Undergrad: 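Take this structure, written in structure tokens, and hold onto it; I'll ask about it next.
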Amino acid sequence: MALSTKYDPRAVEDKWYRTWMDKGFFHSEPNPDKEAYTIVIPPPNVTGVLHMGHMLNNTIQDVLIRKARMEGKEACWVPGTDHASIATEAKVVKMLREKGIQKGSLSRDEFLKHAWEWKEKYGGIILEQLKKLGASCDWDRTAFTMDDNYYEAVIKVFVDLYKKGYIYRGLRMVNWDVEAQTTISNEEVIYKEGGEMSKMYSVKYQIKDSDEYVVIATQRPETIMGDTAIAVNPKDDRHKHLIGKKALVPFINREIPIIGDDYVELDFGTGCLKVTPAHDPNDYEIGQRHNLEIIDTIDFDGTLNEKCEIPHYVGEDRFVVRKRIVKDLKEAELLVEEKDFNTRIGRSERTNSVVEPKLSLQWFINMKEISRKAHSAVMEDEVVLHPAKFKNTYNHWMENVRDWCISRQLWWGQRIPAYYFGEGEDDYVVANSTEEALASAKEKSGNQSLTIDDLKQDEDVLDTWASSWLFPLAVFNGFDKDSFDEETGKIIEGANKELDYYYPTATLVTAPEILFFWVARMIIAGYEYTGKKPFKDVYLTGIVRDKQRRKMSKSLGNSPDPLDLIEQYGADGVRTGMLFSSPAGNDLLFDEKLCEQGRNFSNKIWNAFRLVQGWDVDENLDGAANQVAIDWFKARYNQTLLEVEAHFEKFRISDALMSVYKLIWDDFCSWYLEMVKPNYGEPIDPHSLEATINFFEDILKILHPFMPFISEELYQELRKRDEKDYLIVAEWPTANHPHEEIVDRAKIAFDIISNVRNIRSSKQISPKDKLELKIKGDDFTKFKLFGFMITKLANLESIEPTEEKIEASANFVIEGDEFFVPLAGSIDTEQEIEDIKKELEYTKGFLKAVDKKLSNERFVNNAPDKVVEMEKKKRQDAEAKIKILEESLAAMQ
RNA sequence: GGGCGCUUAGCUCAGUUGGUUCAGAGCACCUCGUUUACACCGAGGGGGUCGGGAGUUCGAAUCUCUCAGCGCCCA
């Protein structure tokens with residue numbers, strides 16, 4: 001059968017993926033005879049489509065899981081998706097708006113019905129796309145963070161943490177959209193690139209009991225009535241004398257303190273900052289530090305309220321008031337300056353209205369105590385971060401851990417199980433169900449006549465991370481009735497077969513940007529509920545960027561469509577393309593050329609297969625001459641396998657791939673196959689063929705995790721296989737101690753071959769013309785081992801010893817032995833002399849440097865013996881070489 | 001403002017406790033070649049005072065200090 005010279009991935013990839021699925025190779029069940037190797041996928045958003053970050057991330061997971069599977073572990077890769085409350089809700093709202101439906105016109109249940117429909121339709125897209133990539137997930141276990149049991153788990157955890165006293169309600173500055181009348185997340189606030197033009201006003205505040213004024217700078221004069229302090233930098237010589245005095249708020253003459261705070265920048269504005277804790281996040285922080293009063297002068301609809309104390313502003317919109325107060329300040333001669341100013345203005349993604357920072361009551365988890373074990377676990381390498389540099393970052397975050405605001409003003413997500421029964425701030429209960437809530441409410445209020453209708457459940461849902469932080473536990477149903485003890489608030493060991501077997505998981509592969517949002521919190525939840533870590537290793541990938549270092553994003557349109565890439569280069573090509581340039585923790589500058597390189601690699605392997613597959617066998621040949629090649633490749637294979645294992649050990653996937661790449665391309669294709677390859681049209685001996693096919697199998701095995709499709713295809717083509725014999729479940733090879741000596745001998749042989757090829761190249765001699773090689777050295781027998789191969793690959797007539805230098809020849813020196821390639825008539829003597837002189841000069845300089853080192857007493861005394869010995873050998877070789885070169889020169893002149 | 005990290009060949013990056021193989025890899029580039037698995041290929045080749053400076057040391061890409069540039073996270 002004549003095979004195409006080009007490998008066609010499209011013809012094989014779907015076929016093998018389907019076969020693996022049909023045979024159930026991806027599925028895992030607890031197997032006490034095997035060690036479990038578990039990975040939980042970082043669940044992609046249901047809103048998303050596959051992007052390059054997923055490609056990288058999931059390729060790495062697949063490499064790890066496939067290797068583990070071949071190593072005979074019970075490999076289980078749990079896939080799933082994340083409900084992504086903010087992103088999904090935004091999508092659904094947008095979709096509805098396009099249909100002319102306002103979210104506000106729908107009830108919560110109606111909206112959720114639309115959201116679920118949307119999720120059913122689009123939520124699985126990414127997982128389907130991952131199949132194209134070859135991801136060997138256990139699809140039977142696909143989880144969703146809003147599945148019924150998952151939803152219940154999240155609620156149980158909320159109730160549990162509340163009972164344990166970790167959850168409380170507190171004030172927080174949120175982004176308020178005055179038009180949509182809702183809070184929005186930071187992600188929904190957009191800032192125009194390059195900022196927006198605004199004005200900076202300088203306003204005089206009188207110092208109490210004096211004629212002095214202090215001038216502050218503000219962009220929001222309409223908030224002046226909410227001021228409760230003026231802050232200056234304590235290092236500011238212009239203003240520090242004011243600290244401790246009082247100032248008067250214009251028009252209303254409220255007395256406010258002048259305080260010192262480092263936050264104030266010396267060279268920004270006037271150096272004096274008016275502090276309005278109710279209307280600015282930074283001011284709020286300052287207020288917290290100095291115990292300032294909070295005066296909230298702006299209502300939810302963006303108009304000023306009576307707390308501003310100026311009747312004709314009350315009920316007017318914030319921007320109307322801004323204009324008026326500027327006018328009023330001017331008239332009162334309190335406005336010192338008004339100038340244009342470029343600033344970042346946050347606008348609502350949905351309504352484009354300017355976001356109003358507003359304080360509101362939110363739910364928090366107190367993090368200090370609950371995160372203690374998670375902190376030390378990473379510091380003590382119980383959970384190991386790769387690369388280790390992230391340990392610092394993690395430490396810093398954990399040392400300064402802030403309480404976690406877990407409520408979100410959205411509908412899509414797990415609804416907060418808090419039920420209010422009165423108007424008081426404390427008139428609520430937290431419970432798993434309305435029934436339980438009613439019972440508790442009756443007890444707490446002392447009012448036995450309360451009914452379910454009197455209870456009002458909190459409108460907000462939980463932060464998505466407050467569900468995904470349970471992922472490694474929840475996918476194995478760790479919070480089911482029988483597994484979770486609500487009394488102790490712990491998962492019971494021995495009660496859940498799956499969790500006991502698969503948890504803790506082995507490795508988590510994710511992006512460093514969610515180290516805190518997700519990874520740290522999973523570790524926290526893991527220790528809180530099981531006393532055990534959720535995973536042993538955390539591999540942090542880089543961010544995929546384009547060639548200009550920009551993050552790949554849909555809005556920039558700089559991301560290629562992964563499925564197009566797969567179509568073009570094959571999944572194997574794209575996988576290797578991603579891995580070629582992705583050392584752990586470093587950003588990956590994606591370039592399609594990398595996929596091209598991956599595709600070329602596929603093709604190289606394919607053609608190696610074509611060669612081997614096309615050989616005829618002659619049973620009468622003994623092939624003894626090839627034995628040296630076979631021994632050599634076996635040694636190189638073992639060396640490479642050791643390297644590969646070492647790289648995997650350190651999660652250097654990119655380096656592991658590179659080792660395999662070089663083994664296949666350089667050692668197997670360029671050297672081994674060239675050595676054993678019979679002359680054109682001639683048959684091969686059975687022994688060499690068998691050895692070659694075995695080697696081919698061996699390299700396919702270590703290639704499989706990286707390039708699963710082509711490796712399985714060729715594995716099946718190499719030999720007839722029985723029913724259960726698939727590469728995906730073949731046994732991972734174990735490294736034998738490599739035969740180092742033969743590798744060293746081969747190195748010299750290959751060096752000789754290269755030198756001869758060089759001579760051909762520089763003398764314009766055709767590769768078809770046979771040459772002779774004469775060797776002048778102490779021990780000719782040492783060239784016997786690879787003699788045949790040298791003759792073959794350098795296309796020589798003969799290799800013979802010589803006692804004398806050969807005139808009219810090209811020559812070279814390797815380790816003190818002289819090699820001559822006689823070239824009657826074609827020698828340019830003058831050029832030769834020139835070259836020799838050059839080399840002589842260089843070698844003398846080299847010798848001088850070595851001599852200097854060796855004559856330095858302190859070096860000889862202090863350096864390790866090994867190093868000194870090395871230098872001595874260098875000296876010896878250099879001296880020998882100089883001697884030969886000088887002799888040659890003398891002979892020529 | 002606080003913290004973390006980076007700077008090695010044209011590009012992307014390795015380089016462990018300072019010392020064989022320390023100045024490397026892949027890609028790109030240049031020359032030659034359609035030879036019989038593969039031009040998605042083969043055979044060769046050029047290219048870096050390891051960001052600048054100073055110090056410690058017999059010895060520094062590696063340790064210390066300093067200057068410059070860049071990136072990320074938190075506020």
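Atoms considered below: every heavy atom in the structure, side chains included; atoms not considered: hydrogens, waters and symmetry mates. These numbers come from a predicted model, not from an experiment. Sequence lines set the chain letters: A, B, ... in the order given, protein chains first and strands last, and positions in each chain run from 1.
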Undergrad: Between the protein and nucleotides 1-4 of chain B, which nitrogen or oxygen pairs are less than 3.5 angstrom apart?
TA:
residue : atom : partner  : partner atom : Å
B:C4    : O3'  : A:Asn392 : ND2          : 3.3

Undergrad: Can you establish whether the number of heavy atoms outside A:Glu649 located under 6.0 Å from its atom CD is more than 12?
TA: no
Undergrad: Output the residues of residues 275-284 of chain A in contact with RNA chain B, where contact means a heavy atom of the residue under 4.0 Å from an atom of the strand; sort by number or write none.
TA: none
Undergrad: For the pair A:Phe390 and A:Tyr394, evaluate ring pair (Phe, Tyr, Trp, His ring centres under 6.0 Å) and give the outcome as yes or no after the intermediate values.
TA: CA-CA 6 Å; A:Phe390 286 107; A:Tyr394 185 91; over 10 Å; no
Undergrad: With a non-hydrogen cut-off below 4.0 angstrom, is A:Glu674 in contact with a base, only sugar-phosphate, or nothing?
TA: base
Undergrad: Got a sec, which pairs hit salt bridge (charged side-chain N to carboxylate O under 4.0 Å, His left out) with one end in residues 598-612 of chain A, sequence neighbours left out?
TA: none
Undergrad: For the residue pair A:Asn638 / A:His739, report whether a side-chain donor-acceptor contact shorter than 3.5 Å exists.
TA: no
Undergrad: Looking only at the side chain of A:Arg402 (C-beta and beyond, no hydrogens), which of the listed nucleotides B:C41, B:A75, B:A43 gets closest?
TA: B:A75
Undergrad: In whole Å, I'd like the distance from the CG atom of A:Leu385 to the P atom of B:G5.
TA: 14 Å
Undergrad: What is the distance from CE of A:Met578 to P of B:U12, rounded to the nearest Å?
TA: 16 Å
Undergrad: With sequence neighbours left out, write down each residue that passes salt bridge (charged side-chain N to carboxylate O under 4.0 Å, His left out) with A:Glu596, or none if nothing qualifies.
TA: none
Undergrad: Taking only residues two or more places apart in sequence, or in another chain, which ones meet A:Ser602 in a side-chain hydrogen bond (donor to acceptor under 3.5 Å, both in side chains)?
TA: none
Undergrad: Categorize A:Arg599 for me: base, sugar-phosphate, or nothing, with a 4.0 angstrom heavy-atom threshold over every strand shown.
TA: base
Undergrad: Assess the pair A:Tyr661 and A:Phe601: is the distance between their ring centroids shorter than 6.0 Å?
TA: yes
Undergrad: Could you list all N or O pairs between the protein and nucleotides 56-65 of chain B that sit under 3.5 Å apart?
TA:
residue : atom : partner  : partner atom : Å
B:C58   : O2'  : A:Asn856 : ND2          : 3.1

Undergrad: For A:Tyr680 and B:U36, what is the distance between atoms OH and C1' respectively, to the nearest whole Å?
TA: 6 Å
Undergrad: Show your reasoning for whether ring pair (Phe, Tyr, Trp, His ring centres under 6.0 Å) applies to A:Trp632 and A:Phe750.
TA: CA-CA 12 Å; A:Trp632 169 77; A:Phe750 295 168; 5.3 Å; yes
Undergrad: Write down the protein N/O and nucleotide N/O pairs, taken from nucleotides 20-29 of chain B, whose separation is under 3.5 Å; answer none if there are no such pairs.
TA:
residue : atom : partner  : partner atom : Å
B:A25   : O2'  : A:Lys662 : NZ           : 3.4
B:G26   : O2'  : A:Gln597 : NE2          : 2.9
B:C27   : OP1  : A:Tyr661 : OH           : 3.4

Undergrad: Would you mind telling me which of B:A75, B:U35, B:C40 lies closest to the side-chain atoms of A:Glu285?
TA: B:A75
Undergrad: Whole angstroms only, please: what is the CZ-P distance between A:Arg289 and B:A75?
TA: 13 Å
Undergrad: Testing the basics here: between A:Lys792 and A:Val676, what is the closest heavy-atom pair and its distance to 0.1 Å?
TA: NZ-C, 3.7 Å
Undergrad: Can you give me the dot-bracket string for RNA chain B, 5' to 3', counting Watson-Crick and G-U wobble pairs with both distances under 3.5 Å, using [ ] for crossing pairs and | for partners on another strand?
TA: (((((((..((((.....[....)))).(((((.......))))).....(((((..]....)))))))))))).
Undergrad: Roughly, in whole Å, what's the span from NZ in A:Lys768 to C1' in B:G42?
TA: 14 Å
Undergrad: Check salt bridge (charged side-chain N to carboxylate O under 4.0 Å, His left out) between A:Asp667 and all other residues, then give those that pass, not counting sequence neighbours.
TA: A:Arg636
Undergrad: Test: salt bridge (charged side-chain N to carboxylate O under 4.0 Å, His left out). Region: residues 739-749 of chain A. Which pairs qualify, not counting sequence neighbours?
TA: A:Glu741-A:Arg745
Undergrad: Tell me which pairs pass salt bridge (charged side-chain N to carboxylate O under 4.0 Å, His left out) where either residue lies in residues 510-519 of chain A, with sequence neighbours left out.
TA: A:Glu513-A:Lys551
Undergrad: State, without any angle test, whether A:Asn233 and A:His239 hold a side-chain donor-acceptor pair at a distance under 3.5 Å.
TA: no
Undergrad: So does A:Lys6 reach the base of B:C40 with its side chain, donor to acceptor, closer than 3.5 Å?
TA: no
Undergrad: Using atom types as modelled and distance alone, determine if a side-chain donor or acceptor of A:Ser688 lies under 3.5 Å from a backbone N or O of A:Ile684.
TA: no
Undergrad: Using the side-chain contact (heavy atoms from CB on, under 4.5 Å) criterion, which residues pair with A:Asp751? Sequence neighbours excluded.
TA: A:Asn755, A:Ile814
Undergrad: Is a donor on one side and an acceptor on the other found under 3.5 Å between the side chain of A:Thr576 and the backbone of A:Met707?
TA: no
Undergrad: With a non-hydrogen cut-off below 4.0 angstrom, is A:Ser602 in contact with a base, only sugar-phosphate, or nothing?
TA: nothing
